Amino acid sequence: MRVITYGTFDLFHEGHRRLLERARALGDHLIVGVTTDSYDNSRGKLNVTQDVLERIRNVENTGLADQIIVEEYEGQKISDVQKYDVDIFAIGSDWQGHFDYLRDYCQVVYLERTKGVSSTQLRNAEGVISLGIVGAGRIARRMVAEARFVSGVSVEAVYSRTFERTQAFADELEIGRAHRSYDELLDGVSAVYVASPHHAHVEHVRRAIDRGRHVLCEKPLALTRAEADELFARAAAADVVLIEAIKTAFAPGFERMVGVARSGSIGEIRSVDATFTKLVRHGRELRAPDGGSISELATYPLLAIVKLLGTGYDTISTHSYRPADSAVELFSRIDLNFPHAISSARIGLGVKAEGDLVVAGTRGYLYVPAPWWLTEFFEVRFEDPRHNKKFYATFDGDGLRYELAEFCTMIRSGRRESFRLRAAESIAIAGIIESARAAAHTFG
Ligand code: CTP
């Protein structure tokens, strides 16, 4: 009898061993499917500590598996069961009922799960990261909701300018502590998510770093290059993590898109055009000194440009529309020229345009339809459409879970830079925003 079972097998533990022993005893040939990193990511299992090869080695070392395969996509089990002539599919009882659909192909056995141990528990045993939230607005609220999907982190405190608001936020979202002072918040946490108004970011980040706290800061981290530079230098000196929370950068689909575009599939990249508009009629975004489409929205298109073309642009020019009765520009186009490519970021408040991304190359182009910054789908297109290729990816919830998962992994692993968004890239983006705003005369 041939038996198959599947799992992530992260931080291999006694529960895994017992499961494999019992699965093996059901027959005389055991096949173990180990999930790939991208499959786990796509099914929302973030924060897996070991990569697929280490996890395969975990299973191999038990000597219980006769054959090991990788599980890469949803629906694969049906093919595997047939391909490997499987008689029995076995899995832990936490999945009771979930795989009954396989009964059309083989026997299905649920084995009792070993109590008191799990990979999640082991990951948390390394210490749950206590997170403090700075700000009590819309985005802060979203982060609290998203944090529930990331293991090993717990939102424990909140601080914002007005205590009544802070308290109401804490009560509603069941956060343990509402603080009147920022220092008090910093005292009780190991990391902060800064979602205060833009002009307060730099000061909040600086103080957190100086107290040795890791920082995930909402975009824009800073509105000048010098400030962004200073903050990253400070973070490096204090040996803490600092990342700008540009959620798109950490989403699986965007990473894939950048990889496909930069690996020559469309030839050499000659231009990048990215648009982001938002219908806003009143509020903070439209007020001086730090409102306007550039400070509000330019981060996303600039991220795409910097990831696709790098930070070595030669020239920058900005065209803006600012109505006579408005304190800030409302629609802007930032053009960046690179040695071998040109690019354009279009952003608008109170105006709607197609929010797509087009990457033109010497062989073909890559198209990401609106909303490209959530990157669930993109297509590589050619003059001969028969060669076009479509790509799909998951983007769960509001997407903040991806940046938070990366933040937590970095804190745990001691890694201080993420290849998904490097300090130099955030600094370049701050510099471009600074130049564009100066050109648009939106100051003061
Ligand atoms: N398993 C078990 N007893 C445990 C933990 C896991 O029998 N205490 C079984 C699962 O039911 C599954 C297999 O081991 O059949 C692989 O599970 P996996 O998801 O890799 O392990 P977990 O510890 O459950 O991982 P996580 O906490 O990340 O969900």
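What you see is a predicted model, and the numbers here were worked out from it, not measured in a lab. Remember, it's 1-based here, ligands and their atoms both numbered in the order they're listed. For this chain, numbers begin at 1 and follow the sequence in order.
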Exercise. Is any NZ, NE, NH1 or NH2 atom of the basic residue among Arg206 and Glu230 found under 4.0 Å from an Asp or Glu carboxylate oxygen of the other?
Worked result: yes
For this session: Would you mind checking if Arg422 and Glu417 are paired as a salt bridge, meaning a charged N to carboxylate O distance below 4.0 Å?
Result: yes
Exercise. Got more than 12 heavy atoms from elsewhere within 6.0 Å of NZ, Lys352?
Worked result: yes
Exercise. Hey, are Tyr159 and Asp183 close enough side-chain-wise for a donor-acceptor pair under 3.5 Å?
Worked result: no
Exercise. Side chains of Asp40 and Thr35: is there a donor and an acceptor less than 3.5 Å apart?
Worked result: yes
Less than 3.5 Å apart, N/O on ligand 1 and N/O on the protein: could you list those pairs with the distances?
from	atom 1	to	atom 2	distance (Å)
ligand 1	3 (N)	Thr114	N	3.1
ligand 1	8 (N)	Thr114	O	2.7
ligand 1	8 (N)	Val117	O	2.6
ligand 1	11 (O)	Gly92	N	3.4
ligand 1	11 (O)	Asp94	OD1	2.6
ligand 1	15 (O)	Gly92	N	2.9
ligand 1	19 (O)	Lys45	NZ	3.2
ligand 1	20 (O)	Thr8	N	3.0
ligand 1	20 (O)	Phe9	N	2.8
ligand 1	20 (O)	His16	NE2	3.3
ligand 1	21 (O)	His16	NE2	2.9
ligand 1	23 (O)	His13	NE2	2.9
ligand 1	23 (O)	Ser119	N	2.7
ligand 1	23 (O)	Ser119	OG	3.2
ligand 1	24 (O)	Arg113	NH1	3.0
ligand 1	24 (O)	Arg113	NH2	3.2
ligand 1	25 (O)	Ser119	OG	3.4
ligand 1	27 (O)	Ser119	N	3.4
ligand 1	27 (O)	Thr120	N	2.9
ligand 1	27 (O)	Thr120	OG1	2.4
ligand 1	28 (O)	Lys45	NZ	3.3
ligand 1	28 (O)	Thr120	OG1	3.4
ligand 1	28 (O)	Arg123	NH2	2.8
ligand 1	29 (O)	Lys45	NZ	3.4

Seminar exercise, completed: Checking His16, Lys45, Arg123 against Asp10 for side chain to side chain donor-acceptor pair (under 3.5 Å), the one that qualifies is Arg123
